[in-house]
Protein chains: 2
Amino acid sequence: MHEWQEEVLAEVRAGRRISDRDIVDKVRRAVLMQRLPPGTRLPEVTLGEVFGVSRSVVRKALTRLASEHVVDQRPNQVARVRAPSIEETRETFAARRLVEGEVAALLAGRLDAASRERLAAEARGEIEAHGRGDEPARIEHSLAIHHLLAAHSPNRVLGAMLTDLILRTSIVIALYKRPNLASCFLEGDHAALLAALEQGDAEAAREGIRHHLESLEALLDLSPREASIDLMAILGRSREQA
Amino acid sequence: MHEWQEEVLAEVRAGRRISDRDIVDKVRRAVLMQRLPPGTRLPEVTLGEVFGVSRSVVRKALTRLASEHVVDQRPNQVARVRAPSIEETRETFAARRLVEGEVAALLAGRLDAASRERLAAEARGEIEAHGRGDEPARIEHSLAIHHLLAAHSPNRVLGAMLTDLILRTSIVIALYKRPNLASCFLEGDHAALLAALEQGDAEAAREGIRHHLESLEALLDLSPREASIDLMAILGRSREQA
DNA sequence: GGCATGGATCCTGTATACAATGAACCTGTT
DNA sequence: AACAGGTTCATTGTATACAGGATCCATGCC
């Protein structure tokens, strides 16, 4: 967590005011990148010191993070990075298949040339990043594709729901990825999806999403643990931020 | 709003502590019942005085209400009761058809006897309330049915999403109901749905939901306004709480 | 009449102080 | 050693003070 302190100081020197939004973004990103593992304590004063603001701002940020399902906020207890269970992971994937499938179906044949090119560029970028073994960059490109779908959803309510589900699935992917697996890259999935979207084949687009997300889920290790993880999370003694 | 003050005082005298949750519940309910029309200003100090708490608690409540899409919270401006547009209304209904349809399909043939009886009782209660012209009671029973579906959803992620969508559709139904229409009662819809659930026919259940929600949406007046509503909402001069 | 300008006022943003709760720890006993 | 009890410390809950922004209204100008 302390790595932030430098950039924060830099931004403060640059005259920028840190707001709750900045904190939400930084913490969300850190969770996504597994820099803040599940169960990590997030005391209000500590965060406040890191970001150079008072508890009021931190509290607002934590409340928003809780509504995004990123942290767990319980009365009279420190906020902690959430650790979704295996069951919740499965349910999140199922929900995303439903919602993103519908969004893709609605979007089929309705994307303008600029958006299509933007999507294609991200897909090319993903392949290229995978080729040079740059997994963080590959993830960025992959996420960009799905976030673009959400942003362009003709149904904005579904789009907002999809944004939330993309975040949640990303977190659990990071959590349950098989450790020996270098990458969650599924060659051709995104290209096939984009082709279906371009051709205006709604059902092919929906099926493309379904297949992609099922394959992704299959790459995870969702076999039942002997509660060791859960015990760790519950009894979990000070997995402090280094 | 001031009607609350009495009950609040009563609860305080009874030794109960008012928390942000209470405020959220009360405001949500008031919006649902159209006691707080769209655009109503909700200043923090005023709410604080009504509930006998300080701004800190009110702020938390307002933030939560904003994440529930009940109020609009913009920087440096008073929170206002949200007024979803006609377009958003259509999108909310479409999203709910998708999600509740899936939940119903998942639930088909999986409900235990007690839950089925509970649902049947609410359906009977709805018909009975409609018969004696008690619209508020009818709405309560109708909402109870859908909330039960959400609560029993095997997929809890979808269940939580459905809970949110039920709230949002209820708000826009109250907003856009044709004024001459006494009730949004659709005879037989709920009974047919329950029958499909009991028989375990997933697709019939999904179709029952789809049909029910489409009929409901058709009862609303979603014809494009000449921006009069929007101007009112934007320029909206002090529609104060009496 | 329409419209810009200025100040008074209302309201939110933020920081901080104090109360209250919960966790950690230490101690004494069996 | 295991455990119960109480004490201490860390951390959140709530209220309040002050600063800054937005709104509203009156005034004056075109």
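Here is how names work: the chains are called A, B, and so on, in the same order as the sequence lines, proteins then strands, and each is numbered from 1.
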request  = Select one nucleotide: of C:dT16, C:dT12, D:dT14, the one nearest the side-chain heavy atoms of A:Ser54.
outcome  = C:dT16

request  = Check the distance between D:dA19's P and B:Asn76's CG and give it to me in whole angstrom.
outcome  = 17 Å

remark   = Of A:Ser56 and B:Gln77, the one whose nearest nucleotide on DNA chain C sits closer to the 5' end is B:Gln77

message = Rounding to an integer number of Å, can you tell me how far B:Lys60 NZ sits from D:dA15 P?
response = 12 Å

Selected nucleotide, minimal atom distance to A:Arg59 side chain, candidates D:dA15, D:dG13, C:dA15 = D:dG13

request  = Check the distance between C:dT12's P and B:Asp72's CG and give it to me in whole angstrom.
outcome  = 14 Å

message = Expressed as a whole number of angstroms, how long is the span from B:Ile23:CD1 to D:dG13:P?
response = 15 Å

key: 5' precedence on DNA chain C between A:Asp20 and A:Pro75 (nearest-nucleotide basis)   = A:Asp20

request  = Inspect the surroundings of CZ in A:Arg97 and state if more than 12 heavy atoms from other residues, nucleotides or ligands are less than 6.0 Å away.
outcome  = yes

ask   = Any idea which of D:dT12, C:dC11, D:dA15 is nearest the B:Val45 side chain?
value = C:dC11

key: Residue B:Arg74 excluded, over 12 heavy atoms near CZ under 6.0 Å   = no

message = If you count heavy atoms of other groups shown closer than 6.0 angstrom to CZ of B:Arg28, is the number above 12?
response = yes

remark   = Heavy-atom closest pair (A:Arg21 atom, A:Arg64 atom, distance to 0.1 Å) is NH1-NH2, 4.2 Å

inquiry  = At less than 4.0 Å, is any side-chain N or O atom of B:Arg55 found next to OP1 or OP2 of C:dG13? Yes or no.
reply    = no

ask   = How long is the line joining CG of B:Asp22 and P of D:dG13, in whole Å?
value = 15 Å

task = Output yes when A:Asp22 and A:Lys26 qualify as a salt bridge under the 4.0 Å nitrogen-oxygen rule, no when they do not.
result = no

task = Please evaluate the base of C:dG22 for a donor-acceptor partner in the side chain of A:Arg74 within a cut-off of under 3.5 Å?
result = no

request  = Specify the separation, in whole Å, of atom CD of A:Gln73 and atom C1' of D:dT11.
outcome  = 13 Å

query = Whole-Å distance between C:dT21 P and A:Glu44 CD?
reply = 17 Å

task = Tell me which nucleotide among D:dA15, D:dG13, D:dT11 gets nearest to the side chain of A:Arg41.
result = D:dT11

task = Whole angstrom is fine here: how far is it from CG in A:Leu62 over to P in D:dT12?
result = 8 Å

